[in-house]
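These notes are about the structure you will find just below.
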Amino acid sequence: MPELPEVETTVRGLARHLEGARIERVALNRPDMRFPFPEGLVQALTGARVTGLGRRAKYGLVHTDRATTLVFHLGMSGRWRIDPGACDKHDHFELDTAGHRFALCDPRRFGFVDLVDTAALARWPAFAAMGPEPLGPGLTPQHLRLAFAGRKQAIKLLLLDQRIVAGLGNIYVCEALFRARIDPRKAAGAVSARALARLVPAIREVLEQAIGDGGSTLRDFARPDGELGYFATRFAVYDREGLRCARDDGGTIRRIVQGGRSSWYCPKCQK
Ligand SMILES: [Zn+2]
């Protein structure tokens with residue numbers, strides 16, 4: 001499932017070929033993905049020039065010179081293919097520029113696209129109540145201290161709450177808590193200011209490392225399928241149940257379930 005680093009890598013890969021280009025053809029190969037394609041999407045994008053790309057949480061943004069933004073979400077299995085050799089039956093949405101074809105391929109169809117007035121993006125329903133970007137200036141120890149004050153829920157669960165921090169998913173929350181030496185079960189309101197001061201850079205580091213790993217994939221993405229967005233990165237605790245802690249402290253990585261999802265942590269060094 002694509003998390004923030006995969007979306008960021010996808011956006012950067014698309015930007016290389018799409019930024020500044022005019023969209024000459026738009027094709028919808030079925031009526032819907034997770035949601036129906038917005039009405040008038042083909043006419044709205046055909047002939048538009050892409051002025052820039054961006055990302056908010058796990059959403060990719062394609063801004064056009066018509067004051068509209070194409071928002072895309074990759075769902076569980078979505079990925080963009082650039083210049084795919086042959087059409088895949090899961091290529092649901094296609095954009096052609098003079099030089100390239102971009103196909104949004106999504107076998108499970110949990111992904112979707114929407115078209116939003118660029119000026120109204122911040123009020124788009126999914127964005128309206130979202131917290132700060134984890135890589136932006138809004139995420140500070142002070143922000144977390146205020147958001148967590150008096151909260152008894154486990155810190156792991158509150159870090160997944162998009163209203164507190166936007167775009168953090170299970171893998172990177174586990175990794176950041178390990179890096180900051182915080183027990184994922186600890187009541188958020190009881191986490192010390194000192195630990196929160198470790199957590200903010202830990203969040204940025206795990207995301208930036210993964211984006212870096214994706215970037216190294218991008219450099220050789222001139223594969224025939226041209227797929228963007230999936231790459232291998234190294235994890236310290238994620239999916240490492242029963243293995244020795246990377247800190248070599250005698251701890252063994254443990255898996256527990258919180259809010260219906262797995263958490264991995266080292267009971268020895270995460271307090
Ligand atoms: Zn440990």
Side-chain angles (χ1 to χ4, degrees), residues 1-9 57-58 131-217 230-271:
M1 179 163 166
E3 292 222 28
L4 186 152
E6 286 85 356
V7 179
E8 178 67 26
T9 302
K58 294 182 214 174
E133 282 291 315
L135 295 174
L139 178 63
T140 60
Q142 168 77 350
H143 168 75
L144 292 181
R145 201 169 61 77
L146 291 172
F148 292 165
R151 306 285 294 270
K152 293 190 170 58
Q153 291 100 320
I155 186 168
K156 156 82 189 296
L157 297 178
L158 289 194
L159 286 172
L160 289 174
D161 183 335
Q162 304 295 296
R163 294 168 295 185
I164 294 177
V165 188
L168 280 187
N170 200 40
I171 295 174
Y172 296 101
V173 166
C174 292
E175 292 294 310
L177 288 171
F178 172 77
R179 197 175 284 233
R181 301 173 186 255
I182 299 170
D183 186 328
R185 301 168 299 174
K186 196 170 178 99
V191 177
S192 70
R194 181 178 287 195
L196 294 179
R198 291 196 302 269
L199 180 58
V200 168
I203 290 171
R204 293 200 220 281
E205 284 162 17
V206 295
L207 292 173
E208 276 163 4
Q209 182 191 316
I211 291 167
D213 290 345
S216 50
T217 308
Y230 291 83
F231 48 86
T233 189
R234 300 143 286 160
F235 300 120
V237 289
Y238 174 77
D239 204 20
R240 290 180 63 84
E241 182 181 14
L243 298 177
R244 283 170 51 175
C245 172
R247 290 196 174 99
D248 211 13
D249 54 12
T252 300
I253 304 306
R254 182 180 290 172
R255 184 181 73 88
I256 56 172
V257 175
Q258 294 180 283
R261 307 182 70 185
S262 292
S263 299
W264 291 265
Y265 72 105
C266 173
K268 198 88 176 217
C269 58
Q270 291 180 252
K271 303 292 181 189

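Index from 1, following the sequence. Keep in mind the model is a prediction, meaning the values are calculated, not measured. We count ligands from 1, going down the list as the structure has it; atoms in each ligand are counted the same way.
Annotation: side chain to side chain donor-acceptor pair (under 3.5 Å) contacts involving residues 175-187, sequence neighbours excluded, comprise Arg179-Glu205, Arg179-Gln209, Asp183-Arg185, Arg185-Tyr265. Legend: ring pair (Phe, Tyr, Trp, His ring centres under 6.0 Å) pairs involving residues 135-157, not counting sequence neighbours: none detected.
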Cut-off 3.5 Å, no hydrogens considered: what does the side-chain donor-acceptor table look like for residues 190-201, sequence neighbours left out?
residue : atom : partner : partner atom : Å
Ser192  : OG   : Ala195  : N            : 3.0
Arg198  : NE   : Ala180  : O            : 2.9
Arg198  : NH2  : Ala180  : O            : 3.1

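Nearby protein atoms of type N, O or S around the Zn ion (ligand 1) amount to 4 (distance under 2.8 Å).
Listed for the Arg204 side chain is a donor-acceptor partner under 3.5 Å among the backbone atoms of Pro134.
Ile171 has its side chain within reach of Phe235: a pair of non-hydrogen atoms, C-beta onward, lies under 4.5 Å apart.
Residues Glu133 and Ala57 share a closest heavy-atom pair of OE2-N, 2.6 Å.
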